[in-house]
Amino acid sequence: MIARGLASNGARVYITGRRKDVLEQAAQSQLDGEGSLIPIAADVTDKQSILALVEEIEKREGKLHILVNNAGQVGPRAPFFSDPSAPECKDTATLGRALFDSQSIDSWADLYAINVASPFFVTTACLGLLEKATKETPGYIAVIINVTSVSGIMKLSQNHFAYNSGKAALSHLTKMLATELALRDIPIRVNAIAPGAWPSEMTQNQGKTLAGSVANKIAGGLMKIPADRGGTEEEMTATVLYLASRAGCYVNGQELVVDGGFLAVNPSTG
C-alpha cells in the first residue's frame, strides 16, 4: 500500500522481502503515476543480506531519499486472554500459567528481531545514502519512516503482548534515532506512522475495504472506532506523502497516529 502510493506519485520504489514471488507480484501492480516498483529479495533479519541490499541500491542510485521500515509480524498470541469465560481465565494462577505456556521465549525473540531490530540495522546501514540524498537535493531532507502501530500506544494487550510491546519499542527507537541524529547535525529526519485498523496481509484483509464490524474486531478495543470503518489506501498514501515530501521537511521525531479516532476513546499512553 505504501510502496504503491509512493510509486503512483512518481517515485522509483525498491521493495524488499524474503519471498521473491510475492515481491514480483507486487511489482506488477498497476500504478496510476509514472513511478515504478522494483523488487529486490533480502532478509532484513540478516546483517549480510542488509548490506548486500544497501550495496545494490547504492550501485543503482547512489543515494536514498526515503526509507520505509515496514517489516513485521504479529508473533505469539493468547486469544483466550480477552474471553472471561475461557477455561484459561478461571482464576489468577490458571491464567498466569496459560500465558506462560502459550508462547515461548524464542517466539518473542523472533518478533523483536523483525519488528524492532531490523528497522535499527536497516536504518544504520542506509544512513550514508540518506545523508547523500539530502546533500544532493536542495530544499529537501531525507527521511526514515517507521511503521509502528496504535498497538504500541494503547494500554491493552489485544491478546498479543509481544507485538504491542515490540511496537512500543519501535516508537521509542524512532524518537531516539531522531534525537541522536539531530544532535550530531546529521541531516536525516526520522518519523513514524502508527496505523489503526487497516486492510493488510497481517490482518488477513489485504486489498479489501474494512467495514466497521471487521475493523472493530481487528482493533480489539474497549470502545469501537469512532469512524466506524478501517483506513483506506488513499489516507495512508496521503500520510506517507506528507512525511516523505518537502511539505513534511519541518517534521522530525514525530509519530503520526492514523486510526479513525480509536486512541481517543481507548486507554493509551499518547
Worksheet item: Does any non-hydrogen side-chain atom of L64 lie less than 4.5 Å from one of L67?
Response: yes

Discussion item. Please determine whether side-chain contact (heavy atoms from CB on, under 4.5 Å) holds for the pair V44 and R18, giving the CA-CA distance in whole Å, both sets of side-chain angles, and the decisive distance to 0.1 Å.
Written reply: CA-CA 8 Å; V44 294; R18 287 179 289 191; over 6 Å; no

Discussion item. I need the minimum non-hydrogen distance between L173 and V116, along with the two atoms involved.
Written reply: CD2-O, 3.8 Å

Discussion item. Please tell me whether E255 and N191 have a donor and an acceptor in their side chains that are separated by less than 3.5 angstrom.
Written reply: no

Worksheet item: If you measure from CZ on R12 to CZ on R60, what distance do you get to the nearest 0.5 Å?
Response: 10.0 Å

Discussion item. With a 4.5 Å cut-off on side-chain heavy atoms, are H65 and T137 touching?
Written reply: yes

Discussion item. Nearest 0.5 Å, please: how far is OG1 in T179 from CG in N252?
Written reply: 8.0 Å

Item to complete: Work out which heavy atom in I15 is nearest to a heavy atom in A26; give both atom names and the distance.
Response: CD1-CB, 3.9 Å

Worksheet item: When rounded to the nearest 0.5 angstrom, what distance separates CZ in R189 from CG in L130?
Response: 10.5 Å

Item to complete: Using only heavy-atom distances, determine whether the side chains of T45 and D43 contain a donor-acceptor pair under 3.5 Å.
Response: yes

Worksheet item: Do D91 and T94 touch side chain to side chain, with heavy atoms closer than 4.5 Å?
Response: yes

Item to complete: Look at atom CD1 of I105 and say whether more than 12 heavy atoms of other residues, nucleotides or ligands are closer to it than 6.0 Å.
Response: no

Discussion item. Tell me whether L170 shares a hydrophobic cluster with I50, the cluster being built from Ile, Leu, Val, Met, Phe, Trp, Tyr side chains joined at under 4.5 Å.
Written reply: yes

Worksheet item: Taking only residues two or more places apart in sequence or in another chain, which ones pass side-chain contact (heavy atoms from CB on, under 4.5 Å) with S85?
Response: D83

Worksheet item: Okay, side chain of K167, backbone of V147: is any donor-acceptor separation there less than 3.5 Å?
Response: yes

Worksheet item: Do V240 and L256 belong together in a cluster built from hydrophobic side chains that touch within less than 4.5 Å?
Response: yes

Worksheet item: Would L127 and L181 satisfy side-chain contact (heavy atoms from CB on, under 4.5 Å), going step by step from the backbone distance to the final call?
Response: CA-CA 10 Å; L127 287 179; L181 295 181; 4.1 Å; yes

Discussion item. Applying a strict under-4.5 Å side-chain criterion to I, L, V, M, F, W and Y, I'd like to know whether L177 and Y112 cluster together.
Written reply: no

Worksheet entry | Min side-chain heavy-atom separation K20-P39 under 4.5 Å | no

Practice prompt. Consider only side-chain N and O atoms of S107 and D110, and report whether a donor and an acceptor are under 3.5 Å apart.
Written response: no

Worksheet entry | Lys/Arg-Asp/Glu bridge criterion (N-O < 4.0 Å) met for R229, E235 | yes

Worksheet item: How far does CD1 of I145 sit from CG of L243, to the nearest 0.5 angstrom?
Response: 5.0 Å

Worksheet entry | Where P76 and Q103 come nearest, the two heavy atoms and their spacing | CB-CB, 3.4 Å

Worksheet item: For F120, does its backbone N or O pair with a side-chain atom of T124 as donor and acceptor, under 3.5 Å?
Response: yes

Worksheet item: Do NZ/NE/NH1/NH2 and the carboxylate oxygens of K59 and E55 come within less than 4.0 Å?
Response: no

Discussion item. Just so I know, are the side chains of Q254 and V251 near enough to count as touching, which here means a heavy-atom distance under 4.5 Å?
Written reply: yes

Fill in: Whether H160 and Y163 hold their rings parallel, tilted or perpendicular, with breakpoints at 30° and 60°
perpendicular

Fill in: Donor-acceptor contact present, side-chain S165 to main-chain A162, <3.5 Å
yes

Discussion item. Quick one, M154 with F262, criterion side-chain contact (heavy atoms from CB on, under 4.5 Å). Give me CA distance, side-chain angles, the key distance, then yes/no.
Written reply: CA-CA 9 Å; M154 70 183 304; F262 178 70; 3.7 Å; yes

Worksheet, complete the sentence: Heavy atoms of A215 and L210 approach each other most closely as CB-CB, 4.2 Å

Worksheet item: Do the side-chain N and O atoms of S157 and N164 include a donor-acceptor pair separated by under 3.5 angstrom?
Response: no

Worksheet entry | Within 6.0 Å of CD in E136, more than 12 heavy atoms from elsewhere | yes

Worksheet item: Do W198 side-chain atoms and T232 backbone N/O form a donor-acceptor pair below 3.5 Å?
Response: yes

Item to complete: State, without any angle test, whether E61 and Y14 hold a side-chain donor-acceptor pair at a distance under 3.5 Å.
Response: yes

Worksheet item: Under a 4.5 Å side-chain heavy-atom rule over Ile, Leu, Val, Met, Phe, Trp and Tyr, are V68 and Y140 clustered together?
Response: yes

Discussion item. Using modelled atom types and a 3.5 Å cut-off, is there a donor and acceptor pairing between side-chain atoms of T148 and backbone atoms of A192?
Written reply: no

Worksheet item: Where the side chain of N266 meets the backbone of L222, is there a donor-acceptor pair that is under 3.5 Å apart?
Response: yes

Fill in: Main-chain N/O of A78 paired with S102 side-chain donor or acceptor, under 3.5 Å
no

Fill in: hydrophobic_cluster_shared for V122 and L53, side chain cutoff 4.5 Å
yes

Worksheet, complete the sentence: When rounded to the nearest 0.5 Å, the distance separating CD1 of I66 from SG of C126 is 12.5 Å

Worksheet item: Do the side chains of T209 and P199 get nearer than 4.5 Å, heavy atoms only?
Response: no

Discussion item. Ignoring hydrogens, what is the shortest heavy-atom contact between N115 and A71? Give both atom names and the distance.
Written reply: OD1-O, 4.2 Å

Discussion item. Contact between L263 and I153 at the side-chain level, heavy atoms closer than 4.5 Å - yes or no?
Written reply: yes

Item to complete: Kindly give the heavy-atom pair with the smallest separation between L6 and A244, and that separation in Å.
Response: CD2-CB, 4.3 Å

Fill in: Check against side-chain contact (heavy atoms from CB on, under 4.5 Å), V143 and V190
CA-CA 6 Å; V143 65; V190 190; over 6 Å; no

Discussion item. Is the shortest side-chain heavy-atom distance between R4 and N9 below 4.5 Å?
Written reply: no

Practice prompt. Rounded to the nearest 0.5 Å, what's the gap from NZ on K155 to OG on S268? Could you check?
Written response: 7.0 Å

Practice prompt. Take atom CE of M176 as the centre, draw a 6.0 Å sphere, and report whether it contains more than 12 heavy atoms from other residues, nucleotides or ligands.
Written response: yes

Worksheet item: Under 3.5 Å, is there a donor-acceptor pair linking the side chains of T237 and E234?
Response: no

